[in-house]
Amino acid sequence: MKKDITYLHTKKQEQQPITVLTCYDYPTACLQDEAGIDIVFVGDSVGTNILGYKNETEVTMADMQHHLKAVRRGVTDAYLLVDMPYAADRDVKQAVVNAHAFLSDGADGVKLEGGIEKVPIVTALTEQNIEVCAHIGHNPQIHGTKAATHGKTFAKAKQLIEAAKALAAAGAKLIVLEKITEEVSQIITETVSIPTIGIGAGRYCDGQVLVINDILGIGPPFKHAKRYQDYNHLTFEAICQYREEVANRTFPTDANTSHIPPDKLERVQKWLRSER
Ligand code: KIV
């Protein structure tokens with residue numbers, strides 16, 4: 001069953017947790033879809049996790065579209081969300097053009113970073129029937145990769161709650177809460193009618209999102225994430241074993257090999273002898 005925004009809103013109403021994972025490629029998209037992940041999310045974290053960029057500000061529309069198209073080919077049921085990269089939503093006109101480009105590539109919705117200052121962009125996209133996911137708290141495009149926790153003072157808590165309410169009122173259909181204190185995330189979740197998706201935002205959001213590399217154990221560990229695999233180690237071991245087996249000729253074996261029938265081989269050898 002294709003999961004649309006109504007399905008995700010119903011999950012909030014029925015207090016069913018919404019599952020979200022970042023995804024950057026076709027094979028992982030197939031696995032996430034088959035596993036029943038609700039939202040497969042092409043995040044701009046593709047820059048640091050896959051493309052070797054130093055931070056999110058290096059990611060371009062072309063990068064995002066390349067990965068979005070690969071992920072689209074692997075997703076059947078999940079809601080497919082894509083991130084607006086740095087400056088792609090710098091003004092209303094750019095945001096509308098770029099969001100339409102993503103929809104043409106098969107996205108179901110677009111996510112953009114920022115607080116109350118993004119209300120005009122969310123309003124404009126909503127007027128064009130584009131489904132928007134807002135993203136408040138830690139915003140890597142604005143604050144850089146080092147994430148401090150947001151919502152620890154009265155002023156910051158108020159600012160976050162007001163931003164969430166304004167973005168929801170402007171038409172945002174979902175909102176990511178990144179690195180926000182659990183208490184403030186819970187207040188926002190209980191205040192807005194749209195689903196909240198937390199990352200490092202505690203236990204009481206309507207859903208959770210993590211970066212696929214972090215759950216697989218690719219790259220450094222983070223407090224907010226949980227490693228379900230040690231892919232770095234497994235991948236390195238496989239590479240070393242392959243290198244060793246090629247070097248000492250234990251790979252390939254006969255099982256990895258194809259043969260020409262003996263009578264045909266004999267003909268080839270006979271022909272070669274006649275050529276000498
Ligand atoms: O790009 C990203 O990985 C994000 C996180 C919130 C998951 O935006």
Side-chain angles (χ1 to χ4, degrees), residues 8 17-25 28-29 32 37-61 63-68 70-71 78-89 98-99 102 107-115 118 131-151 160 163-164 167 172-180 185 188-189 194-202 205-216 218-228:
L8 298 170
I18 297 169
T19 54
V20 190
L21 265 179
T22 71
C23 186
Y24 316 115
D25 61 73
T28 312
Q32 290 192 16
I37 291 295
D38 293 318
I39 303 179
V40 173
F41 169 47
V42 186
D44 66 347
S45 51
V46 67
T48 51
N49 284 297
I50 301 294
L51 299 173
Y53 294 162
K54 292 244 171 328
N55 60 56
E56 275 75 359
T57 62
E58 291 181 54
V59 180
T60 64
M61 273 299 292
D63 291 331
M64 295 305 297
Q65 288 182 276
H66 179 75
H67 288 272
L68 169 61
V71 171
Y79 186 90
L80 179 49
L81 184 67
V82 62
D83 233 348
M84 280 277 194
Y86 180 69
D89 60 347
N98 289 326
F102 282 148
D108 295 315
V110 299
K111 178 173 85 54
L112 50 88
E113 292 186 7
K118 286 293 167 76
E131 291 170 6
V132 181
C133 174
H135 179 169
I136 61 170
H138 179 67
N139 288 149
Q141 292 175 13
I142 300 160
H143 306 121
T145 40
K146 278 232 152 53
T149 303
H150 293 242
L160 287 164
L167 290 160
K173 301 285 184 290
L174 301 160
I175 185 164
V176 168
L177 309 181
E178 181 166 358
K179 288 285 274 178
I180 295 177
S185 297
I188 293 172
T189 301
I194 59 173
T196 60
I197 311 294
I199 175 165
C205 295
D206 298 306
Q208 295 289 332
V209 57
L210 281 180
V211 168
I212 183 73
N213 287 37
D214 297 343
I215 71 161
L216 295 180
I218 305 170
F222 292 102
K223 176 177 156 65
H224 69 260
K226 181 172 172 186
R227 287 186 156 197
Y228 294 84

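First listed ligand is number 1; within each ligand, the first listed atom is number 1.
- Not a single heavy atom of Glu113 lies less than 4.0 angstrom from ligand 1.
- Distances between N or O atoms of Asp83 and those of ligand 1 include at least one value under 3.5 Å.
- Residue Val211 approaches ligand 1 through these ligand atoms, each under 4.0 Å from one of its heavy atoms: 3 (O).
- In terms of N/O distances under 3.5 Å, ligand 1 is approached by Ser45.
- The side-chain heavy atoms of Val46 and Met64, taken from C-beta on, include a pair separated by under 4.5 Å.
- Residues Glu113 and Tyr86 have side chains not in contact (no heavy-atom distance under 4.5 Å, counting atoms from C-beta outward).
- Residues Leu80 and Val42 have side chains in contact (heavy-atom distance under 4.5 Å, counting atoms from C-beta outward).
- Below 4.0 Å from some heavy atom of Gly43 lie the following atoms of ligand 1, by number and element: 1 (O).
- Between Ile39 and Leu174, some side-chain heavy-atom pair lies under the 4.5 Å cut-off.
- Under the 3.5 Å distance criterion, the side-chain polar atoms of Gln32 are left unmatched by any main-chain donor or acceptor of Phe41.
- Across all their heavy atoms, Val211 and Thr22 have their closest contact at CA-OG1, 3.3 Å.
- Residue Phe41 has at least one heavy-atom neighbour below 4.0 Å for each of these atoms of ligand 1: 1 (O), 2 (C), 4 (C), 7 (C), 8 (O).
- The shortest distance between side-chain heavy atoms of Pro85 and Asp63 does not fall below 4.5 Å.
- Put simply, part of Lys111 is less than 4.0 Å from ligand 1, judged by heavy atoms.
- If you look at Glu178 next to ligand 1, the close heavy atoms, those under 4.0 Å, all belong to the side chain.
- Between His150 and His143, the ring planes lie tilted relative to each other; the angle falls in the 30° to 60° range.
- Checking Val20, Leu21, Val209, Leu81 against atom 7 (C) of ligand 1, the nearest heavy atom belongs to Val209.
- Each of the atoms 3 (O), 7 (C) of ligand 1 lies under 4.0 Å from some heavy atom of Thr22.
- In Asp44, the parts holding a heavy atom less than 4.0 Å from any atom of ligand 1 are both the side chain and the backbone.
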